[in-house]
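Scroll down for the structure; my scribbles are underneath it.
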Amino acid sequence: MLDRKFIVDNADAVQQNCQNRGVTADVAKLVQLEQERREKLNDVQDLNRQANEKAKSIGKEKDPDKRQAIIEEGRRLRDAKDKVQQEHDTLEKQTAAIQNGIPNMSHPDVPIGEDDKSNLEIRRGATAIPEFSFPIKDHVEIGETLDLIDFESGARVAGSGFYFLKNEAVLLELALQQYAVQELVAEGFTPVVTPDLAATEILHGTGYIPRGPETQIYSIENSNLNLVATAEITLGGMLAGRTVDSADLPLKMCGISHCFRTEAGAAGRASRGLFRVHQFTKIEMFAFTLPDQSTQILEEFCDLECQIFDGLAIPYRVVDTATGDLGGPAYRKYDLEAWMPGRGDGGQWGEVTSTSNCTDYQARRLNARYKLKGTKGTHFLHTLNGTAIAISRALIAILENYQQEDGSVGVPKVLQPWVGKETIRV
RNA sequence: GGAGCUGUGGCUGAGUGGUCGAAAGCGCCGGCUUGCUAAGCCGGUGAACCGUUUAUCGGUUCCCUGGGUUCGAAUCCCAGCGGCUCCGCCA
């Protein structure tokens, strides 16, 4: 969430930003409610002060009658306080409700537009789009022919959107994990296997909203636990409510987790096969940084994603995500879209990774702070996240780009040590 | 899952219902000392928020979390969560 003072002081800019992002929020109302709330808060504090004074004077008063009088007065003050406190709390709730709906501000260079059509391509990867001299298959067909992916059994066991990986697909999954983690560890990331479940407060802190009608999140009944949609949730939660020494920053981690998504309302979209599934494995980059580090680290994350996909020799492009397509917490977001030859008519770009600078938006809700040695007070951290590899989508890109005329599929060179072969055949 | 113990400041650890934001030690910061010398001495040292000022000063809140009792709660009561130990179960 945004800082309330900031919203009040920059109401026009915040309102404009909401509009750019296609978010409805009554900023003016928030400003008004917040002003009233502060007046109530002052009243509460003043009544508390008076009541405290009375309470302290009681111990010193020896005369029973006078003592009783002070007790009565103290009780009256507390009652009065409770009443004003309630009024304050109501205002607080209303203010918070509006505040929660306001997205992060946007980087000035972010293209302004309603949806992903306004995303701006900023560069392409090192590998050219392949030209095939034979009729190509999509990954679903390839997966079936080579006995790599079993959607039918997945549907039987857990419903549509689930699948079994088999044979070399399993080796590819493990190889991709190894590859990505090795790359990131070499770059100084701390590898972390995170819980696949997280408490509701942690989800809220990172900007995910469980249990709504449109929720993307699976929740566990009779508990406050939820299946995570990404390790971003758990990694962000690691510092929730904590204050770290600025000397330890930036903190860079790569998390390995399963990701679970309901994909409510996503039916009918281009989602054949592995593209939009309810469960997949993901290697996620995450960083806690000082405010003046986050801009550079976003570029670093993007470069690493490019490095990983260049290493796999998969063609991709990088887009600067438009205002209307940014998630609530993101200040700026880059997506890598890999070329997927089997998608649409003659191939399409499909999102494979995404990296965001969330500035202090998540940290404020998580209450994750840093302290500068030798100074008073604390400040909110910046958080960034980025996909290193989302296995399911990487599999699509590999199977479709590496397919060969005889029906076999080549294994990317960097994965061969773990897969143990150069080609996957029937 | 069951039983017992436990949860205080960056850490260790005192704490009688009122004078406790909280002893002491460690750590940290500043200064002094340089014949107790990989030391000694003195002083300082939590956070958020509100108001005032913007060098400051005043106030509110915070002793796991949430309720409750009370004029007043770190201290009493209830619930929850975490930790430790033992038992059961299990990969």
Side-chain angles (χ1 to χ4, degrees), chain A residues 1-9 30-96 99-100 193-205 210 219-226 234 237-249 251 258 288 291 360-381:
Chain A
M1 66 189 164
L2 288 180
D3 178 39
R4 244 183 239 184
K5 259 189 225 153
F6 176 85
I7 298 172
V8 170
D9 294 344
L30 181 146
V31 172
Q32 181 211 324
L33 287 169
E34 175 62 3
Q35 193 185 333
E36 291 174 28
R37 186 191 71 86
R38 280 200 195 177
E39 284 164 15
K40 292 291 179 199
L41 180 62
N42 285 334
D43 293 348
V44 169
Q45 291 188 352
D46 193 53
L47 286 166
N48 249 330
R49 182 183 55 75
Q50 292 181 45
N52 286 342
E53 280 170 9
K54 293 291 174 203
K56 276 180 188 162
S57 70
I58 284 167
K60 292 168 197 142
E61 184 53 66
K62 298 296 179 219
D63 180 62
D65 288 345
K66 286 183 184 167
R67 198 183 162 93
Q68 196 52 42
I70 302 174
I71 289 174
E72 293 302 330
E73 182 65 7
R75 187 176 297 155
R76 195 186 61 76
L77 283 164
R78 287 291 180 209
D79 287 348
K81 186 222 81 179
D82 286 345
K83 186 164 163 289
V84 183
Q85 178 84 54
Q86 277 194 358
E87 293 169 11
H88 168 272
D89 291 351
T90 304
L91 287 166
E92 164 62 28
K93 263 187 208 147
Q94 294 170 343
T95 312
Q99 184 184 14
N100 275 329
V193 174
T194 83
D196 283 343
L197 283 81
T200 301
E201 310 82 73
I202 300 295
L203 286 264
H204 281 142
S219 296
I220 308 292
E221 232 180 319
N222 302 321
S223 80
N224 74 329
L225 287 172
N226 311 270
T234 41
M238 279 179 92
L239 290 190
R242 310 221 324 191
T243 303
V244 298
D245 191 326
S246 61
D248 297 333
L249 300 170
L251 234 56
H258 292 115
F288 290 103
D360 60 4
Y361 189 92
Q362 285 180 324
R364 184 168 291 106
R365 226 178 264 183
L366 287 166
N367 192 22
R369 299 161 174 271
Y370 70 91
K371 185 175 176 62
L372 205 59
K373 224 183 174 64
T375 64
K376 270 255 177 212
T378 60
H379 309 277
F380 289 113
L381 292 160

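A, B, ... follow the sequence lines: proteins, then strands. Residue 1 opens every chain.
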* For A:Gln68, side chain to side chain donor-acceptor pair (under 3.5 Å) partners two or more places apart -> A:Glu72
* Quick one: list whatever passes side chain to side chain donor-acceptor pair (under 3.5 Å) with A:Asp82, sequence neighbours left out. => none
* When you measure from the side chain of A:Asn100 to the backbone N and O of A:Ala96, does any donor-acceptor pair fall under 3.5 Å? -> yes
[X] [atom1] to [N] [atom2], straight-line distance once rounded to whole Å:
{"X": "A:Leu372", "N": "B:C28", "atom1": "CG", "atom2": "C1'", "value": "15 Å"}
{"X": "A:Glu201", "N": "B:C81", "atom1": "CD", "atom2": "P", "value": "12 Å"}
{"X": "A:Arg369", "N": "B:G46", "atom1": "CZ", "atom2": "P", "value": "17 Å"}
{"X": "A:Asn224", "N": "B:G66", "atom1": "CG", "atom2": "C1'", "value": "14 Å"}
{"X": "A:Asn42", "N": "B:G51", "atom1": "CG", "atom2": "P", "value": "6 Å"}
{"X": "A:Asp43", "N": "B:C50", "atom1": "CG", "atom2": "P", "value": "15 Å"}
{"X": "A:Tyr370", "N": "B:A48", "atom1": "OH", "atom2": "P", "value": "12 Å"}
{"X": "A:Asp82", "N": "B:U70", "atom1": "CG", "atom2": "P", "value": "12 Å"}

Does [X] have a side-chain nitrogen or oxygen under 4.0 Å from the phosphate oxygens OP1 or OP2 of [N]?
{"X": "A:Thr243", "N": "B:A47", "value": "no"}
{"X": "A:Lys376", "N": "B:A47", "value": "yes"}
{"X": "A:Lys81", "N": "B:G72", "value": "no"}

In whole angstrom, give me the gap between the [atom1] atoms of [N] and [M].
{"N": "B:A22", "M": "B:A79", "atom1": "P", "value": "32 Å"}
{"N": "B:G66", "M": "B:U52", "atom1": "C1'", "value": "34 Å"}
{"N": "B:C26", "M": "B:G80", "atom1": "P", "value": "41 Å"}
{"N": "B:C63", "M": "B:A73", "atom1": "P", "value": "11 Å"}
{"N": "B:C76", "M": "B:G2", "atom1": "C1'", "value": "28 Å"}
{"N": "B:G17", "M": "B:U75", "atom1": "C1'", "value": "6 Å"}
{"N": "B:C71", "M": "B:U12", "atom1": "C1'", "value": "37 Å"}
{"N": "B:U56", "M": "B:G46", "atom1": "P", "value": "15 Å"}

* Please tell me which of A:Gly74 and A:Glu34 maps to the more 5' nucleotide of RNA chain B, matching each residue to the nucleotide holding its nearest heavy atom. => A:Glu34
Suppose we define a pair by two distances each less than 3.5 Å, Watson-Crick or G-U wobble; what does [N] pair with here?
{"N": "B:C84", "value": "B:G4"}
{"N": "B:C57", "value": "B:G51"}
{"N": "B:C26", "value": "B:G10"}
{"N": "B:A79", "value": "B:U65"}
{"N": "B:A91", "value": "none"}
{"N": "B:U19", "value": "none"}

* Asked: Do A:Asn52 and A:Arg78 get their side chains close enough for a donor-acceptor pair, meaning under 3.5 Å?
  -> yes
* Asked: For A:Arg369 and A:Thr243, does a side-chain donor sit closer than 3.5 Å to a side-chain acceptor?
  -> no
With a cut-off of 3.5 Å and sequence neighbours excluded, list every side-chain donor-acceptor pair involving residues 194-203 of chain A.
from     : atom 1 : to       : atom 2 : distance (Å)
A:Thr194 : OG1    : A:Thr234 : OG1    : 3.0
A:Asp196 : OD1    : A:His258 : N      : 3.1
A:Asp196 : OD2    : A:His258 : ND1    : 3.0
A:Thr200 : OG1    : A:Asn224 : O      : 3.1
A:Thr200 : OG1    : A:Asn226 : ND2    : 3.1
A:Glu201 : OE2    : A:Asn224 : ND2    : 3.1

Proximity to the side chain of [X] - top-ranked nucleotide from [options]:
{"X": "A:Lys371", "options": "B:U70, B:A47, B:C49", "result": "B:A47"}
{"X": "A:Arg75", "options": "B:C71, B:A48, B:C50", "result": "B:C71"}
{"X": "A:Ala55", "options": "B:A48, B:G51, B:G18", "result": "B:G18"}

* Taking only residues two or more places apart in sequence or in another chain, which ones pass side-chain contact (heavy atoms from CB on, under 4.5 Å) with A:His379? -> A:Tyr370
Short heteroatom pairs, N/O only, protein and nucleotides 56-64 of chain B, under 3.5 Å:
from  : atom 1 : to      : atom 2 : distance (Å)
B:U60 : OP1    : A:Asn52 : ND2    : 3.4
B:U61 : OP2    : A:Asn52 : ND2    : 3.4

* Which part of the nucleic acid, if any, lies within reach of A:Lys40 when heavy atoms closer than 4.0 Å are counted: base, sugar-phosphate only, or nothing? -> nothing
* **Residues that A:Arg4 engages under salt bridge (charged side-chain N to carboxylate O under 4.0 Å, His left out), provided they are two or more places apart** => A:Glu34, A:Glu92
* **Flag if over 12 foreign heavy atoms under 6.0 Å of NZ, A:Lys40** => no
